[in-house]
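Notes to accompany the following structure.
Note that the coordinates shown come from a computational prediction; the quantities given were computed from them, not determined experimentally.
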Amino acid sequence: MWERTLQDLIRGLRANKKDESKFIAQAVDEIRREIKGDDMELKAGAVMKLTYLDMLGYDMSWASFHVVEAMSSPRFHLKSVGYLAAAQSFNEDTDVLMLTTNLLKKDLSSNPADIAITLNGLSAFLSPDLARDLTTELIAMMNHSRAQIRKRAVLGVFKILEQYPEAGPHARPRLFEKLEDPDPGVVAATVNVLCELARRSPQDYLTLAPQLFHLLTNSTNNWMLIKIIKLFGSLSPYEPRLVKKLQPPITELISTTPAISLLYECVHTCIIGGMLQGPSGDSLAKLCVSKLAAFIQDSDQNLKYIALLAMTKIVPSHPHLVAEYQDTILASVNDPDISIRMRALDLVTAMVNRSNLQSIVQQLLSHLLPDSSSTLPSATQSLAQNSISVSHSLTSPNQSPSYRLILSQRILSVCSRSTYENITNFEWYISVLVDLAHVANVDIGAEIRDQLVDVVGRVRAARRYAVKLMYSVLTDESMLQNAGEDGSCSEILWAAAWIVGEYCQELAEPERLLPYLLQAEITRLPQDSISIYIQAAIKIFGFWASELAQHWDEDELPKIQIAVESIMERMNVLVSSPYIEAANIRQLCSFIAADLNSHHSKATTPAASPSVAFDDGRNSTEVNFPKSLYLIQPLFSTYDLNPVASNAQASVPIPDGLDLDAWIVPPAQEPVAIPEEATQEKKKKSKKGKEKESEPNGKKNRSSSKRKTKDVELLQDGDILTPVDANVETPEERERRKAERREQLKDDPYYIIDDTPPKPTDEEIETIPIVRLEDMPSIVPDASSRRPILRATSQDFSSSDMFVVDRDGEMPENAILRAAPVTNTSSGQATPVASASLPKPFHLSSFPPYETPDDTRTSTPEPIKVVRSKKKATSGDKEKKKKRSTTVTSGAANA
């Protein structure tokens with residue numbers, strides 16, 4: 001009968017690709033018939049075909065016993081087939097492993113060929129039980145007369161120590177002896193095993209340092225030297241004396257070896273072993289950085305990746321050395337390989353300092369710009385470009401949305417690090433934020449908005465330039481038209497409106513901005529942006545109106561009337577929407593419009609000062625301008641809006657007498673379950689009490705009926721009944737009610753809850769799956785393309801000496817300074833903020849403060865004390881008091 005061999009099975013699979021499952025099902029049926037026969041050759045051939053199918057993903061666990069049969073064959077070629085199938089398909093949970101213990105012991109004591117294939121297959125399916133039973137045999141094999149058996153036994157001992165750590169005291173001494181074995185293959189295998197074991201517990205292998213150092217200085221095997229260097233990298237953090245000892249040989253290896261893999265391992269060991277620290281490590285660090293820079297310029301992508309990864313670890317200790325290769329590193333940001341671009345970004349963000357921040361940010365911004373050619377394309381080129389535009393957008397590294405988002409976030413993070421400690425010119429940074437909003441083309445508008453508001457609030461000297469730039473942003477029609485589209489960064493309009501409204505005194509002609517803030521197209525924006533537009537418009541109008549009142553001219557009356565009418569017209573449209581500001585502003589503007597309409601020119605009377613506008617009638621001089629022009633300005637500009645310190649809220653002292661744990665409205669008391677025995681006993685006592693209190697004629701005693709006592713419940717605690725006040729709340733009950741209240745307020749939009757997620761535990765971090773970055777194809781960009789110049793490079797910014805950053809923030813005046821230390825960025829010391837240094841409320845020059853009479857009470861009124869009248873004591877109460885006083889007097893006399 002003709003049988004199908006493994007070669008026939010492979011040819012059949014290739015010939016039946018369209019119906020592969022049917023062919024495999026037919027082949028498995030044939031294998032089932034073959035494997036049940038008595039012919040061991042046929043059985044081994046069936047096992048080999050099953051092993052091939054198992055490599056393709058088909059299960060062969062049903063044939064485990066037949067694999068053991070092949071392993072037990074006395075013929076070497078059949079035994080090797082069985083061990084190969086066992087190594088491929090067996091695992092720790094395979095049932096037939098318990099049947100192989102005696103077989104493995106027998107094969108380990110057989111001829112060298114059987115021992116070799118047994119050791120090769122054993123490491124693949126070794127279980128804890130097998131490791132325990134075979135420890136003695138494997139340790140004995142380490143002293144075998146043949147070097148190839150000793151080498152395999154050393155590698156097998158590593159698997160023994162993994163599955164059965166209790167064998168360590170017996171296996172380690174023999175393992176240490178193999179470092180002096182005459183065969184270099186055995187020594188290399190031993191170093192490999194020790195390197196893996198030392199990664200888990202380096203302290204157990206510190207005694208091997210002299211032997212390993214001897215091998216390091218005398219061996220010529222590059223692969224063994226790599227393992228020894230890795231082993232020293234694990235031991236150096238636990239033995240500081242090794243650092244000084246290892247610097248000369250490792251420096252010599254870095255300078256002389258032509259092997260790139262050995263060179264990288266030497267550099268990596270210097271980094272993780274702490275050999276670059278101190279004066280003696282500076283020269284070694286310079287050598288390492290120069291070698292890594294050569295790797296970055298290499299055409300091999302793997303070398304470039306590991307070089308960027310290693311340089312990222314050197315930057316914290318030697319940033320000046322890495323900064324010398326800034327251009328080389330930045331060139332990798334535009335590499336076609338996404339993994340290299342990400343490592344280059346990590347390195348760039350780590351090497352930023354005050355001197356190179358602007359140049360690095362400008363180059364990163366240029367990578368967000370689309371490629372452009374210096375000459376206009378021809379018609380043929382335009383058609384070709386149009387046909388490949390879709391594929392180019394999918395392959396260009398600069399057009400990948402995920403990469404553009406990461407690049408934009410890195411720009412913001414390096415600039416805002418440690419409260420802008422690396423920024424020397426904030427006008428430049430504000431322009432960078434505006435440029436980033438135009439070229440990012442990803443959803444990063446919220447981060448840009450927060451950065452703009454924070455910078456303008458902290459740096460006073462940059463406000464004038466910020467207002468000027470935000471004016472141009474608000475008047476740019478393209479920004480408003482593209483609002484709502486993906487990647488439009490329309491949130492910058494929110495920041496622009498807030499800045500021009502809050503610092504409108506920096507505007508030269510504020511009235512020219514009002515039409516842009518009140519145009520109908522603002523409905524494209526989100527609701528929060530529309531609210532900011534409304535507030536900015538009324539702030540600017542209030543400032544402009546107060547300025548007009550200071551220098552009043554009757555010719556300005558029609559202009560301001562038109563402005564008030566336009567605001568009212570716009571508010572009438574928005575008043576039906578969910579904007580409360582619209583209704584308030586409409587009422588204010590209607591009052592101003594009525595005052596303007598009733599205003600008559602007093603040409604004969606000289607213009608009065610602004611303070612006269614709020615005179616209470618005692619001054620007879622009449623004003624020459626509408627007094628309502630000063631109505632809006634004090635609503636927004638009476639106090640400075642300063643940045644708040646991060647710990648300001650925690651530093652506010654709790655007022656005396658305020659109990660934050662007390663209930664404002666006490667909850668309903670839940671009924672307490674009382675045992676039946678206690679209830680019956682309580683009823684009996686109450687009946688006896690009633691009988692004693694009642695009079696002979698059946699009427700109750702008045703004194704007892706008028707007495708008021710607390711509600712008392714009897715709770716059974718073991719065998720003792722203890723009276724407990726029903727109004728007393730235990731700590732456990734309080735915590736339970738707090739938890740219930742937090743659960744109720746979780747979905748309340750008017751209640752602020754700290755929803756900071758808890759830090760993940762180590763177990764949760766280990767369970768996070770490793771995800772590969774996909775959908776990031778790349779293409780080599782055209783090196784000859786020229787990029788347009790950004791706004792940040794074309795502006796002539798003022799001197800950086802004038803910028804002062806408010807990093808601390810404002811603290812409350814009654815703050816407890818000892819509980820609110822603020823870290824000084826320059827010195828690193830924690831210094832309290834004195835209340836005297838806090839900014840005081842200021843009044844605008846155009847608005848006079850109100851005057852209040854001296855007798856007017858401005859403090860908080862004293863609380864009204866309610867005193868309840870005492871009730872007359874009854875005869876029963878008098879008798880009790882008399883008895884109590886008599887008892888106290890007699891006790892004092894006895895004392």
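- Residues passing the side chain to side chain donor-acceptor pair (under 3.5 Å) test with Ser359 are Gln326, sequence neighbours excluded.
- In this pair, Trp544 and Phe541 present their aromatic rings perpendicular. The plane angle is above 60°, beyond the 30 to 60° band.
- The cationic atom of Arg341 (NZ for Lys, CZ for Arg) lies less than 6.0 Å from the six-membered ring centre of Tyr403 and within 45° of the ring axis.
- Residue Met470 forms a side chain to side chain contact (heavy atoms under 4.5 Å, CB included) with just one option from Thr475, Val500, Leu493, Val456, and that option is Val500.
- Electrostatic pairing of Lys539 and Glu502 counts as a salt bridge here, judged by a charged N lying under 4.0 Å from a carboxylate O.
- The closest donor-acceptor contact from the side chain of Asn425 to the backbone of Trp428 lies under 3.5 Å.
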Practice item. Verify side-chain hydrogen bond (donor to acceptor under 3.5 Å, both in side chains) between Tyr429 and Gln358, making sure each step is shown before the conclusion. Key: CA-CA 9 Å; Tyr429 183 48; Gln358 294 192 14; over 6 Å; no
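- A donor-acceptor contact shorter than 3.5 Å links the side chain of Arg404 to the backbone of Val439.
- Using the six-membered ring where Trp is involved, Tyr503 and Trp498 have ring planes that are perpendicular, over 60° apart on the 30 and 60° scheme.
- Ring pair Phe625/Tyr630: centre-to-centre distance below 6.0 Å.
- Between the Arg807 side chain and the Thr419 main chain, a donor and an acceptor come within less than 3.5 Å of each other.
- Of the charged side-chain nitrogens involved, at least one lies within less than 4.0 Å of a carboxylate oxygen, so that Arg512 and Glu509 count as a salt-bridged pair.
- Ion pair Arg460/Asp806 not flagged as a salt bridge, since none of the NZ, NE, NH1 or NH2 atoms sits closer than 4.0 Å to an Asp/Glu carboxylate oxygen.
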